[in-house]
> 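The following block contains the structure, expressed as structure tokens.
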Amino acid sequence: MTPPAYRLDGRLLAALARGGGGAETVRLLRESEYSRRLLLLRATLDRAGEHGGDTGRGVDRLFGVLTDAWRTAPDVTRRILGHPSVGPRLVTTWRTLDGSAPAAVGSLPLASVAAAAATATGLDVSIGLTAAPPGAVLPGLGAVRLPDTTPGAALLLRGDRTGTLLETGTGLRVHLPHWTALGAERPGWWPLRTATAGPEASCLVDDVDQVVATAAERPYRLTEDELRVWRATAAGAMRLLRARHADYAAELDAGLRTLTPVPCAEGSSAGRSGSAAEMFGGVTLSRPPHARDLAETLVHEMQHSKLAAVMHLVDLIAEPGTAEPGRRYYAPWRDDPRPLYGLLHGTYAFLSVARFWSREAAFLSDPAERHRAHVRCARWREAASETKEAMLADPSALTGTGRRFVATMGQALAELRTVPLPASAVREARQQAEDHRVRWAEHNRAGRTEN
């Protein structure tokens, strides 16, 4: 498991800055993120070695399990290590070992990653785990459901070529499906399921893993009826993208790996979505009511994954301390002041969202739907243009590469702003922008905002 090196040349970086890059570039970014995870594993092993004792020996053993899994079935192990929710687990493990106190190895998130790899490859091992809702999550595979087990309780996973068994301290034993049939649901075992039907489906519904969820955003297991609705909506979104936005569809086919369903915000019918820097290809979202809305969400969140991967390879933002410390910016899509990192991410995502609605409007025959698309295009191209200017106005905020990246985004936005839109749509978009700024100022008790 030797991580190769990756770099982005000026041509690729310019294509990415324009909001594109294509499927091959997304595959390169996906591979670079996988390489990053191998480096995190190595760094974790080194840090555990500094602890020594039980911690050092325990982490070394988990690393050995992953190595054995790789030797047994490299493609399967690679799929486990590349699963979106494994990224935060590796980072959390590394950070946990930063402390001076020894860590209980079974409580480290790395233990569940090793357990998943061992289970998927049929290794003869015993691995201690710690219970977490809904019981014991094996990232990339599914979860053992243990409704009566207290979170934090010690568990033991034992497996070999004949099968895998999970034991609790109360004597409960759950037999997992054979390692060749882990996609089959059975009492106590919730496997991950595909987000779209058919043998070609590669995106999964990860409705069991709460690794990055807050209490209000915990995934919930979809019933079969709910899963059918999700699949139908996802299939409709991808059909729309392939027919009208082939470049975005190709990037999603290359990079999207998981959809994690969460409830709508309490007291609101508005949808929510998000992604995390260490979860390349993973999207957390409430189910949009229509395929077109899901298509927009997927385009939006894929841009976040792309930019996070770019920023793991290239410094776009100046080192902390060179820019004004603690500075926050007005973002036309948020109710809270945003740091530069968040402003850059939002600008990058909404460049592609505006382009999506510009293209989509041409295909809509219903006047009301077409007007809605025009308004969204006008709203987000102007918003992204405004925040682009705010970033370039601070000479110390971005690196030289970062300034070129943002300037190239600006060129793409300038081209998008030449697309003619109905005056009524532009007026409505401007009114929405003004209303948002007023709400933002009231919410943050600010007389004026930073530009």
> State, with a plain yes or no, whether a side-chain heavy atom of T223 is found less than 4.5 Å away from one of L227.
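No, side chains not in contact.
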
> Give a yes or no on whether W94 atom CH2 has more than 12 heavy-atom contacts from other residues, nucleotides or ligands under 6.0 Å away.
no

> So does D435 pair up with R437, basic N to acidic O under 4.0 Å?
no

> Are the side chains of L240 and R292 in contact, using a 4.5 Å heavy-atom criterion?
yes

> Between CG of L222 and CH2 of W230, what distance do you get to the nearest 0.5 Å?
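The CG atom of L222 sits 6.5 Å away from the CH2 atom of W230.
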
> Hey, could you give me the CG/CG distance between L157 and L138, rounded to the nearest 0.5 Å?
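Between L157 CG and L138 CG, I get 6.5 Å after rounding to 0.5 Å.
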
> Taking the six-membered ring of Y248 as reference, does the NZ or CZ atom of R359 fall below 6.0 Å from its centre and within a 45° cone about the axis?
yes

> Distance check, rounded to the nearest 0.5 Å: L29 atom CG versus L313 atom CG?
7.0 Å

> How long is the gap from CD on E386 to OH on Y330, to the nearest 0.5 Å?
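Between atom CD of E386 and atom OH of Y330 there are 6.0 Å.
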
> Decide yes or no on side-chain hydrogen bond (donor to acceptor under 3.5 Å, both in side chains) for S365 and R370, but give the supporting numbers first.
CA-CA 7 Å; S365 57; R370 189 166 58 250; over 6 Å; no

> Taking NZ, NE, NH1 and NH2 as the nitrogens, is one of them in R193 or E224 under 4.0 Å from a carboxylate oxygen of the other?
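Salt bridge present between R193 and E224.
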
> With E434, which of H436, Q431, Q432 fulfils side-chain contact (heavy atoms from CB on, under 4.5 Å)?
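Per the side-chain contact (heavy atoms from CB on, under 4.5 Å) rule, the option paired with E434 is Q431, out of H436, Q431, Q432.
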
> Less than 4.0 Å between a side-chain N and a carboxylate O, is that true for R36 and E278?
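Here E278 pairs with R36 in a salt bridge, since their nearest N and O are under 4.0 Å apart.
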
> Could you walk me through whether E296 and R376 satisfy the salt bridge (charged side-chain N to carboxylate O under 4.0 Å, His left out) test, starting with their C-alpha distance in whole Å, then the side-chain angles of each, then the deciding distance to 0.1 Å, before giving a yes or no?
CA-CA 11 Å; E296 177 197 14; R376 289 190 171 192; 2.9 Å; yes

> Does CZ in R430 sit with more than 12 non-hydrogen atoms of other residues, nucleotides or ligands closer than 6.0 Å?
no

> Answer yes or no on whether R78 is positioned over the face of Y34, meaning its NZ or CZ is under 6.0 Å from the six-membered ring centre and within 45° of the axis.
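So R78 does make the cation-pi contact.
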
> Examine the side chains of T92 and R89 and answer whether a donor and an acceptor come within less than 3.5 Å of each other.
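T92 vs R89: no donor-acceptor pair found between side chains.
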
> Can you tell me how far the CH2 atom of W190 sits from the CG atom of L141, to the nearest 0.5 Å?
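Those atoms lie 16.0 Å apart.
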
> Aromatic rings H345 and Y341: how do their planes relate, parallel, tilted or perpendicular, breaks at 30° and 60°?
tilted

> Between D394 and R328, is a salt bridge (charged side-chain N to carboxylate O under 4.0 Å, His left out) present by the stated rule, with each step listed?
CA-CA 12 Å; D394 186 347; R328 295 293 185 268; over 6 Å; no

> Please determine whether a side-chain nitrogen of the Lys or Arg among R18 and E415 lies less than 4.0 Å from a carboxylate oxygen of the Asp or Glu.
yes

> Quick one: which of Q303, H300, E301, H304 gives a side-chain hydrogen bond (donor to acceptor under 3.5 Å, both in side chains) with S275?
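That would be E301.
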
> Are the side chains of E428 and H374 in contact, using a 4.5 Å heavy-atom criterion?
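Side-chain contact under 4.5 Å: no.
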
> Salt-bridge test for R27 and E24: reply yes if a basic N is under 4.0 Å from a carboxylate O, no otherwise.
yes

> Check whether any side-chain heavy atom of W357 sits under 4.5 Å from a side-chain heavy atom of V375, and report yes or no.
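They are not in contact (no side-chain heavy atoms under 4.5 Å apart), so the answer is no.
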
> Run the side-chain hydrogen bond (donor to acceptor under 3.5 Å, both in side chains) check on T347 and T387 step by step: do they pass?
CA-CA 6 Å; T347 306; T387 51; 2.7 Å; yes

> Under the salt bridge (charged side-chain N to carboxylate O under 4.0 Å, His left out) criterion, do E382 and R417 qualify, and how do the steps go?
CA-CA 8 Å; E382 295 305 314; R417 293 175 76 189; 3.0 Å; yes

> Nearest 0.5 angstrom please: T418 OG1 to R381 CZ, how far?
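CZ of R381 is found 8.0 Å from OG1 of T418.
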
